[in-house]
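For reference, the structure discussed in these notes is given below.
This chain uses plain numbering: 1 for the first residue, then up along the sequence.
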Amino acid sequence: MALQWMILTYVVAVEAVLAAVLTIPSPKLLKYRLVSLVSLLLQPALFIVPFAGFQLLDIYWKNEHRLMCTSEICTAAERDRYEKSIYKAQRNVILCVSACLLYWCVYRICKYYKEVQNLEEVEKRYKKE
């Protein structure tokens, strides 16, 4: 189970770095080359959306079938274990949502730069005429 969350954590970190690198001002040629490279990587990286969705379903199922430890019968250790599992589940939900959100942000940034490049090409053609 920990391997899944480690993979998701690394993917979120890479997506955050890509989003930061794409939004940093840089020369046009470098920016367009970087955008084209990231665009090529986006399609195979789409696996992260269903993977994160499956993880969210797994968290939901485990939450629904988790033993509640809120009564006075529970010991302090059991209560701490229950609270720790709740905090881990909340952290993992944030991780899944941020993976999907960052993927969408990187996709939109690349699409925006491609649209800008196409508009610049159209403007150059109109200036030539």
Side-chain angles (χ1 to χ4, degrees):
M1 276 311 248
L3 182 63
Q4 297 169 348
W5 299 112
M6 190 172 72
I7 290 171
L8 199 59
T9 303
Y10 287 142
V11 167
V12 168
V14 167
E15 287 175 342
V17 168
L18 282 177
V21 167
L22 287 175
T23 55
I24 292 175
S26 60
K28 281 186 178 181
L29 182 61
L30 180 66
K31 179 71 75 177
Y32 291 138
R33 298 258 170 119
L34 187 62
V35 166
S36 65
L37 176 68
V38 172
S39 294
L40 289 174
L41 296 174
L42 278 177
Q43 189 172 6
L46 184 62
F47 82 93
I48 199 62
V49 175
F51 182 71
F54 177 74
Q55 295 301 324
L56 282 172
L57 286 174
D58 185 48
I59 290 170
Y60 175 75
W61 186 86
K62 285 179 181 176
N63 189 39
E64 288 295 316
H65 296 91
R66 179 177 288 141
L67 295 175
M68 295 289 219
C69 189
T70 55
S71 65
E72 295 179 16
I73 302 170
C74 295
T75 64
E78 289 174 338
R79 206 170 295 118
D80 288 343
R81 184 174 176 208
Y82 173 75
E83 288 177 4
K84 186 178 178 182
S85 70
I86 294 293
Y87 291 139
K88 283 175 108 177
Q90 290 171 348
R91 179 199 62 199
N92 292 339
V93 166
I94 291 171
L95 193 62
C96 290
V97 170
S98 63
C100 294
L101 183 64
L102 280 170
Y103 180 85
W104 179 79
C105 287
V106 170
Y107 171 78
R108 291 303 301 168
I109 289 169
C110 287
K111 188 169 179 161
Y112 168 75
Y113 279 118
K114 284 183 177 181
E115 288 174 2
V116 168
Q117 187 177 17
N118 288 339
L119 289 173
E120 287 175 352
E121 289 174 3
V122 168
E123 182 184 21
K124 283 180 185 177
R125 277 189 262 138
Y126 280 136
K127 284 184 178 180
K128 284 183 181 179
E129 290 179 359

Any chance you could lay out the salt bridge (Lys or Arg N to Asp or Glu O under 4.0 Å) test for Lys127 and Glu123, step after step, and finish with the verdict? CA-CA 6 Å; Lys127 284 184 178 180; Glu123 182 184 21; 3.7 Å; yes
Enter the distance from [X]:[atom1] to [Y]:[atom2] here, rounded to the nearest 0.5 Å.
| X | Y | atom1 | atom2 | result |
| --- | --- | --- | --- | --- |
| Leu101 | Cys96 | CG | SG | 12.5 Å |
| Cys105 | Leu22 | SG | CG | 11.0 Å |
| Trp5 | Thr9 | CH2 | OG1 | 8.5 Å |

Side chain to side chain contact (heavy atoms under 4.5 Å, CB included) for Ile48 and Phe51? Distances and angles first, verdict last. CA-CA 5 Å; Ile48 199 62; Phe51 182 71; 4.0 Å; yes
Hey, could you give me each pair passing salt bridge (Lys or Arg N to Asp or Glu O under 4.0 Å) that has a residue in residues 91-111? Not counting sequence neighbours. none
What pairs meet the salt bridge (Lys or Arg N to Asp or Glu O under 4.0 Å) rule with one or both residues in residues 23-46, with sequence neighbours excluded? Lys28-Glu120
Stepwise, does the salt bridge (Lys or Arg N to Asp or Glu O under 4.0 Å) test hold for Asp80 with Lys84? CA-CA 6 Å; Asp80 288 343; Lys84 186 178 178 182; over 6 Å; no
Look at the aromatic rings of Tyr103 and Tyr107 and report parallel, tilted or perpendicular, splitting at 30° and 60°. parallel
Starting from the C-alpha separation in whole Å, work towards a yes-or-no answer on side chain to side chain contact (heavy atoms under 4.5 Å, CB included) for Tyr60 and Asn63. CA-CA 5 Å; Tyr60 175 75; Asn63 189 39; 5.6 Å; no
Could you check Leu57 against Trp61 for side chain to side chain contact (heavy atoms under 4.5 Å, CB included), going step by step and ending with a plain yes or no? CA-CA 6 Å; Leu57 286 174; Trp61 186 86; over 6 Å; no
In short, Val35 meets Cys110 closest at the heavy-atom pair CG1-O, 3.8 Å
So which heavy atom on Thr23 is nearest to which on Ala20, and how close? OG1-O, 3.0 Å
Without swapping roles, check the side chain of Asn92 against the backbone of Lys88 for a donor-acceptor pair under 3.5 Å. yes
Taking atom CD of Gln43 as the centre, report whether more than 12 heavy atoms of other residues, nucleotides or ligands fall under 6.0 Å from it. no
